[in-house]
Student: 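Here's a structure for you.
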Amino acid sequence: MMSHVDDTEDVALDFASEEDAAKLRRRIRHPLATLFHLLFRVLSIVAYLFCGWFSNSFIASFVIIIVLLSMDFWTVKNITGRLMVGLRWWNHVDEDGKSHWVFESRKSKTRETITESRIFWFGLIVCPVIWVAFLFASLFSLSFKWFMVVIIALGLTGSNLYGYIRCKVGAKKKLTTVATSFLGAQLLRTATTAMTPAEQK
């Protein structure tokens, strides 16, 4: 026997589950990764602004800033992008010795949260913008030694920004223009050789 629901009968809707799902989307699921996503970036900027107050040695300040930037680059590239937004990029060399850049995006978005995604992209975009401001400041003040530090910072932070934009946009549309490929290659090459000046010092 088949039973029919009367049109006049009230049907209970499960709003609680929808509310719980919304709360889960707003929560921070990876607090430690979120902390370190911003920590090294902020510390490198603070060190750039105030290192002269604590030391007159440019070499010491240079090393501290580059170490912080390198730690930020590795953390964002290998950990926070994968955990917070499900994106990953890397480079590998094939048997013929050719270098290949790989950009990946997780198909399922259920593990991502809105809060973590906003924090990730905010930190990823704002910090390079701040370094661009430092770039013009160093040019106007004719401080070429700090100009070199800013160039390295832009290379490291900009390469992560470019890589993750390729991951994000590449899931919807392939970027194949020569200009884009050239810019990305320059940023990624700068990031991989950023520590060379520090070793020479």
Side-chain angles (χ1 to χ4, degrees), residues 33-85 87-91 101 103 116-170 175 177 179-201:
T34 304
L35 171 65
F36 281 98
H37 179 70
L38 300 175
L39 179 64
F40 296 126
R41 319 201 121 208
V42 173
L43 287 178
S44 62
I45 293 173
V46 171
Y48 179 84
L49 290 173
F50 302 108
C51 60
W53 292 14
F54 304 99
S55 174
N56 293 324
S57 173
F58 170 75
I59 300 300
S61 301
F62 180 88
V63 170
I64 291 173
I65 295 171
I66 297 303
V67 167
L68 289 171
L69 287 168
S70 300
M71 294 172 70
D72 169 73
F73 175 80
W74 186 90
T75 302
V76 174
K77 177 181 178 295
N78 296 298
I79 299 177
T80 62
R82 177 173 53 86
L83 293 178
M84 297 175 69
V85 291
L87 302 176
R88 183 173 61 170
W89 66 272
W90 76 93
N91 171 267
W101 297 99
F103 306 92
E116 283 187 350
S117 179
R118 288 176 178 174
I119 293 174
F120 178 85
W121 288 108
F122 176 81
L124 200 67
I125 295 172
V126 170
C127 289
V129 172
I130 294 176
W131 286 110
V132 168
F134 291 160
L135 176 69
F136 287 107
S138 62
L139 283 175
F140 291 146
S141 62
L142 300 178
S143 181
F144 295 108
K145 60 181 182 181
W146 290 110
F147 176 81
M148 179 177 62
V149 176
V150 175
I151 288 296
I152 296 173
L154 281 174
L156 290 169
T157 58
S159 60
N160 262 329
L161 177 60
Y162 171 81
Y164 282 116
I165 288 177
R166 283 294 305 268
C167 293
K168 187 73 173 178
V169 178
L175 300 180
T177 62
T180 302
S181 300
F182 176 78
L183 175 61
Q186 294 300 315
L187 286 172
L188 296 172
R189 188 178 296 111
T190 301
T192 55
T193 59
M195 292 302 296
T196 301
E199 294 175 356
Q200 295 176 350
K201 293 290 183 179

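Counting begins at 1 with the first residue of the sequence. Note: hydrogens, waters and symmetry copies are ignored here, and every other heavy atom, side chains too, is used.
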Student: Between the side chain of Y164 and the main-chain N/O of K77, is any donor-acceptor distance below 3.5 Å?
Tutor: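 Present.
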
Student: Would you say the side chain of I79 lies within less than 4.5 Å of the side chain of W74, judging by non-hydrogen atoms?
Tutor: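 Yes. Closest side-chain heavy atoms under 4.5 Å.
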
Student: Check whether S61 reaches the backbone of S57 with its side chain - one donor and one acceptor, N or O, closer than 3.5 Å.
Tutor: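 Yes: the side chain of S61 pairs with the backbone of S57.
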
Student: What heavy-atom pair brings F103 and G163 nearest, and what distance separates the two atoms?
Tutor: CD2-O, 3.4 Å

Student: Is the backbone N or O of D72 less than 3.5 Å from a side-chain atom of T75, with the two atoms forming a donor-acceptor pair by type?
Tutor: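 Side chain of T75 to backbone of D72: no pair is present.
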
Student: Please evaluate residues V85 and E116 with respect to the criterion side chain to side chain contact (heavy atoms under 4.5 Å, CB included), reporting the C-alpha separation (whole Å), side-chain torsions for both, the decisive distance (0.1 Å), and the verdict.
Tutor: CA-CA 7 Å; V85 291; E116 283 187 350; over 6 Å; no

Student: With heavy-atom distances below 4.5 Å as the criterion, would you say the side chains of W121 and K168 are in contact?
Tutor: yes

Student: For the backbone of G123 and the side chain of R41, can you confirm whether one donor and one acceptor N or O come within less than 3.5 Å of each other?
Tutor: yes

Student: Starting at CG of N160, measure out to CD1 of I125 and round the result to the nearest 0.5 Å.
Tutor: 12.5 Å

Student: How far does CG of L35 sit from CD1 of I119, to the nearest 0.5 angstrom?
Tutor: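 Atom-to-atom, L35:CG and I119:CD1 are 10.5 Å apart.
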
Student: Please report the shortest heavy-atom distance between L124 and P128, naming the atom on each side.
Tutor: O-CD, 3.0 Å

Student: Check for me whether the distance between the ring centres of W146 and F134 falls short of 6.0 Å.
Tutor: no

Student: Find out whether L87 and R82 are in side-chain contact, i.e. whether some heavy atom of one side chain is under 4.5 Å from a heavy atom of the other.
Tutor: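 No - every pair of side-chain heavy atoms lies 4.5 Å or more apart.
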
Student: Counting C-beta onward and ignoring hydrogens, is there a side-chain heavy-atom pair between I152 and F62 closer than 4.5 Å?
Tutor: yes

Student: Is a side-chain N or O of H37 found less than 3.5 angstrom from the main chain of T80, in a donor-acceptor match?
Tutor: no

Student: C127 and I45: which non-hydrogen atoms are nearest, and at how many Å?
Tutor: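 Looking at all heavy atoms of both residues, the shortest contact is SG-CD1, 4.1 Å.
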
Student: For the aromatic rings, using the six-membered ring if either is Trp, is the centroid distance between F73 and F40 under 6.0 Å?
Tutor: no

Student: Are the side chains of L69 and W131 in contact, using a 4.5 Å heavy-atom criterion?
Tutor: yes

Student: Heavy atoms only: give me the nearest L156-S70 pair and the separation to one decimal.
Tutor: CD1-N, 4.2 Å

Student: Can you measure from OG (S44) to CG (L39) and round to the nearest 0.5 angstrom?
Tutor: 9.5 Å

Student: How about Y162 and W89: are their ring centroids closer than 6.0 Å?
Tutor: no

